[in-house]
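Quick notes on the structure that follows.
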Amino acid sequence: MRQAALACTLFCPQILVAEGFAGETFSTWSDEVQNAYLQNMVVMSSMVSARTSPTHGDCISKWFFDGSSIRPDRKAEALATISEYGAHRPEAILIALMERACGPFGS
């Protein structure tokens with residue numbers, strides 16, 4: 001979990017300290033901006049995870065991407081879960097989804 005938090009901090013420090021940033025705000029963003037956010041969060045998380053567990057980092061990448069494209073089913077899952085838990089931060093929800101799919105960070 002600490003590696004994922006580090007990835008979030010590296011990728012989006014301004015958003016992380018923004019008061020009131022939650023899934024409700026994320027859901028108002030354009031599709032293009034949501035895609036960029038999701039891609040960067042997953043790429044950074046997989047890179048940080050791969051430092052301690054290459055298998056875990058690879059799992060995260062394969063969970064969200066099909067080659068160089070976002071898997072539509074994973075994007076839909078992420079968006080639906082972020083919307084369902086709109087009061088929570090999107091990066092925390094993505095971390096939970098990655099851990100559900102690939103196991104805990106740092107393992």
Side-chain angles (χ1 to χ4, degrees):
M1 184 76 154
R2 279 180 263 167
Q3 288 106 350
L6 175 61
C8 293
T9 303
L10 293 172
F11 166 65
C12 51
Q14 298 85 1
I15 291 173
L16 287 176
V17 297
E19 290 292 323
F21 177 67
E24 295 161 340
T25 303
F26 174 85
S27 296
T28 66
W29 293 353
S30 71
D31 190 55
E32 181 180 12
V33 174
Q34 287 180 354
N35 281 346
Y37 182 89
L38 294 173
Q39 283 180 306
N40 286 321
M41 288 298 300
V42 172
V43 168
M44 290 301 297
S45 296
S46 69
M47 290 173 64
V48 171
S49 179
R51 298 284 296 158
T52 57
S53 173
T55 304
H56 192 262
D58 190 49
C59 178
I60 291 170
S61 274
K62 289 180 178 175
W63 168 75
F64 198 73
F65 295 103
D66 182 12
S68 62
S69 300
I70 295 175
R71 291 181 53 181
D73 57 330
R74 298 300 186 221
K75 178 184 173 186
E77 176 186 17
L79 293 177
T81 308
I82 290 168
S83 179
E84 181 179 352
Y85 297 97
H88 299 281
R89 299 183 73 93
E91 64 273 12
I93 293 165
L94 282 173
I95 290 168
L97 290 173
M98 289 183 266
E99 287 190 330
R100 184 173 68 190
C102 299
F105 283 81
S107 61

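The analysis underlying the following values was restricted to heavy atoms, covering all of them including side chains, and did not include hydrogens, waters or symmetry mates. Just so we're clear, the structure is a prediction, and the values are computed from it rather than from any experiment.
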### Message
If we check side chain to side chain contact (heavy atoms under 4.5 Å, CB included) with S45, which of these qualifies: M98, E91, E99, H56?
### Response
M98
Do the side chain of [X] and the main chain of [Y] share a donor and acceptor less than 3.5 angstrom apart?
| X | Y | answer |
| --- | --- | --- |
| T52 | S49 | yes |
| T28 | T25 | yes |
| S83 | L79 | no |

### Query
Is V48 close to F105 at the side-chain level, that is, under 4.5 Å between some pair of heavy atoms?
no
### Message
Using side-chain heavy atoms (C-beta onward) and a distance below 4.5 Å, is D31 in contact with K75?
### Response
yes
How far apart are the closest heavy atoms of [X] and [Y], and which atoms are they?
| X | Y | answer |
| --- | --- | --- |
| L38 | A78 | CD2-CB, 4.3 Å |
| P90 | I82 | CB-CD1, 3.9 Å |
| G86 | A22 | O-CB, 3.3 Å |
| V42 | W63 | CG2-CZ3, 4.3 Å |

### Message
Within this structure, what is the CG-CG distance for the pair N40 and N35, rounded to the nearest 0.5 Å?
### Response
10.5 Å
### Query
How many angstroms lie between atom CD1 of I93 and atom CE of M41, to the nearest 0.5 angstrom?
11.0 Å
### Message
I'd like to check the side chain to side chain contact (heavy atoms under 4.5 Å, CB included) partners of Q39; sequence neighbours left out, ordered by chain and number.
### Response
F65, I70
### Message
According to side chain to side chain contact (heavy atoms under 4.5 Å, CB included), who are the partners of S30, at least two apart in sequence or on a separate chain?
### Response
E32, V33
### D58: salt bridge (Lys or Arg N to Asp or Glu O under 4.0 Å) partners, not counting sequence neighbours
K62
### Message
Holding to salt bridge (Lys or Arg N to Asp or Glu O under 4.0 Å), I want the full list of residues that pass it with E77, two or more places apart in sequence or in another chain.
### Response
R74, R100
#### Entry: Pairs touching residues 37-48 that satisfy salt bridge (Lys or Arg N to Asp or Glu O under 4.0 Å), sequence neighbours left out
none
### Summary
residues 35-47 vs salt bridge (Lys or Arg N to Asp or Glu O under 4.0 Å), sequence neighbours excluded, gives none
### Query
Above 12 or not: heavy atoms from other molecules or residues under 6.0 Å from CG of D66?
no
### Query
Taking only residues two or more places apart in sequence, or in another chain, which ones meet R51 in a side-chain hydrogen bond (donor to acceptor under 3.5 Å, both in side chains)?
none
